[in-house]
Q: 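Submitted below is the structure of interest, expressed as structure tokens.
Note on naming: letters A, B, ... go to the chains in the order of the sequence lines (proteins, then strands), and numbering restarts at 1 for each one. Note: hydrogens, waters and symmetry copies are ignored here, and every other heavy atom, side chains too, is used.
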There are 2 protein chains.
Amino acid sequence: MSKCEQCIVRQFNSLKTLTKEELVRVSACKTSSVIKKGDIIFREGESLNGIYCVREGVCKLTKLSDNGKEQVVKLAIKGGMMGQRSLVSGEISNLTAVAINDMQICFIPRQEIVRDLQKNVNFSMDILKRMAQDLKTSEDSLVNMAQKTVKQRLAQTLIYVQTTFDIDQDGYLALNLSRDDYASIVGTATESAIRILSQFKKEGLISTKGKQIKIENLQDLSRVE
Amino acid sequence: MSKCEQCIVRQFNSLKTLTKEELVRVSACKTSSVIKKGDIIFREGESLNGIYCVREGVCKLTKLSDNGKEQVVKLAIKGGMMGQRSLVSGEISNLTAVAINDMQICFIPRQEIVRDLQKNVNFSMDILKRMAQDLKTSEDSLVNMAQKTVKQRLAQTLIYVQTTFDIDQDGYLALNLSRDDYASIVGTATESAIRILSQFKKEGLISTKGKQIKIENLQDLSRVE
DNA sequence: TATATTTTATGATATTTGTCATGTTACATA
DNA sequence: TATGTAACATGACAAATATCATAAAATATA
């Protein structure tokens with residue numbers, strides 16, 4: 001099992017503010033695991049008892065609506081952490097985490113990391129800043145959900161995926177999401193998502209090969225009405 | 001000008017974790033002000049340079065969507081604080097604050113309170129916990145926006161207003177929001193909000209007197225489909 | 001009090017989105 | 001390779017919601 005001290009991924013999250021000693025301790029008690037695409041890491045309503053650090057792969061954080069449909073609240077990517085909110089509040093998880101592709105994750109038990117939260121101001125400040133960032137992102141999404149059309153939200157999501165995960169050598173989005181995933185990200189029916197993608201295709205905004213998607217005209221896509 | 005040490009309102013927010021000394025210092029540098037209904041306290045995009053504490057009255061925190069419509073992201077009530085996110089992140093405000101009724105607020109300059117954030121673990125932990133709570137609330141709203149109908153969201157909002165602000169002696173909601181406010185809370189057109197309220201009235205779920213609203217059947221209102 | 005202005009209300013209609021049905025394609029696996 | 005299954009696609013229709021128009025009621029202001 002590799003050590004946190006040598007893990008590049010921690011540079012992307014709050015763990016980078018830990019001292020050498022703290023990191024050694026954290027490393028000693030962490031557990032790593034390999035997660036297969038589709039696997040559930042934790043469920044809404046579960047108590048987490050620690051935080052997860054994403055070493056590889058992508059994961060969707062979803063919440064079940066009262067009507068039984070799942071809504072993607074955000075994506076956790078390489079370097080991201082999951083469960084900070086529960087760590088801080090001591091509450092059960094508000095979200096379910098499902099692997100979108102194969103992943104490697106590490107788990108740090110609550111009691112180990114809570115100690116650092118109390119003792120290391122740099123660490124708690126960094127957690128606080130990231131929470132503030134998450135809050136802003138969530139509020140922005142809220143406004144988009146409330147005020148934008150499904151078409152606009154889908155266009156925006158495609159651009160987000162390209163910006164965040166880049167494209168492969170053929171120009172297709174490097175992250176492959178199912179139509180169903182797109183639908184639960186923008187908050188619509190799967191058929192509607194598919195229909196709008198077809199429309200984008202007809203209008204030359206995107207092209208597809210199987211389930212892969214390539215953005216052909218980012219300018220116009222960002223201006224969809 | 002009254003002193004923070006004697007202000008009951010601080011018991012409801014993070015300021016209660018400050019020590020006597022810290023509180024005296026904060027009290028000495030704070031400024032109080034009276035805000036009239038409709039007044040703007042700060043605008044999206046402005047840098048805040050401090051935090052606000054709501055002593056009296058209610059305030060809506062809104063964000064302008066790209067299509068030019070305002071969306072209410074949350075309400076700040078007595079005891080609430082505004083601007084913590086900007087305080088923590090150092091960024092400009094993400095939201096606009098508009099008084100819904102006459103208010104009294106206090107402003108604490110950034111440099112004074114940032115010091116406590118660094119020095120007082122109880123304070124920073126409390127801020128962190130509240131930010132975590134805000135994040136959960138925001139994520140929940142996001143899911144509601146994405147997955148529930150306008151009718152469900154409006155019913156939910158009416159219940160929220162009654163639960164949070166109580167009713168007056170005649171049973172009407174103690175907080176009077178305009179139909180326009182309701183529309184920007186649930187994220188719909190004003191006409192749609194009005195229409196649905198009329199429908200609720202016909203169904204006996206609510207009754208109205210002028211702009212005042214009384215919930216007549218909370219059970220059924222919470223089960224609207 | 002009279003008048004202007006804003007807020008609330010409702011009809012008519014267009015647009016958006018969801019739902020159900022059905023077919024097609026891609027992909028996994030025996 | 002054959003075959004089953006899941007993902008993708010599209011038509012037809014229903015429901016939800018937005019938009020525009022207009023009027024009534026409430027409220028502010030002269």
Q: Can you find a donor-acceptor pair, distance only, under 3.5 Å between A:Arg195 side chain and C:dT19 base?
A: yes

Q: Quick check on DNA chain D: between A:Thr208 and B:Lys151, whose nearest nucleotide comes earlier from the 5' end?
A: A:Thr208

Q: Any ion pair linking B:Glu216 and B:Lys201 (charged N to carboxylate O, less than 4.0 Å)?
A: no

Q: Take A:Lys211 and A:Thr149, find for each the nucleotide of DNA chain C with the closest heavy atom, and name the residue whose nucleotide sits nearer the 5' end.
A: A:Thr149

Q: Does C:dT16 have OP1 or OP2 under 4.0 Å away from a side-chain N or O of A:Ser192?
A: no

Q: Could you check how far CD of A:Gln199 sits from P of D:dG11, rounded to whole Å?
A: 12 Å

Q: From D:dT19, C:dT17, D:dA9, pick the nucleotide closest to the side chain of B:Ala189?
A: D:dT19

Q: How long is the line joining CD of A:Glu191 and P of D:dA14, in whole Å?
A: 17 Å

Q: Whole Å only: how far is the NZ atom of A:Lys148 from the P atom of C:dT15?
A: 22 Å

Q: Check the distance between D:dA15's C1' and B:Glu225's CD and give it to me in whole angstrom.
A: 14 Å

Q: Whole-Å distance between C:dT6 P and B:Asp180 CG?
A: 13 Å

Q: Measure up the B:Tyr52 and B:Phe107 rings against each other and bin them: parallel (under 30°), tilted (30 to 60°), perpendicular (over 60°).
A: tilted

Q: Would you call A:Asp66-B:Lys148 a salt bridge at under 4.0 Å N-O?
A: yes

Q: Could you measure the distance from the CD atom of A:Gln156 to the CG atom of A:Leu221? Nearest 0.5 Å is fine.
A: 10.0 Å

Q: Identify, between A:Lys69 and B:Leu177, the residue whose nearest nucleotide on DNA chain C lies closer to the 5' end.
A: B:Leu177

Q: I need the NZ-C1' distance between A:Lys202 and D:dA9, as an integer number of Å.
A: 10 Å

Q: Can you check the B:Ile194 CD1 to D:dA23 P distance for me, whole Å?
A: 17 Å

Q: In this structure, are over 12 heavy atoms from other groups packed under 6.0 Å from B:Arg43 atom CZ?
A: no

Q: Across the strands shown, which category fits B:Thr188 at heavy-atom distances under 4.0 angstrom: base, sugar-phosphate, nothing?
A: sugar-phosphate

Q: Please state how far atom CE in A:Met145 lies from atom C1' in D:dT17, giving the value in whole angstrom units.
A: 17 Å

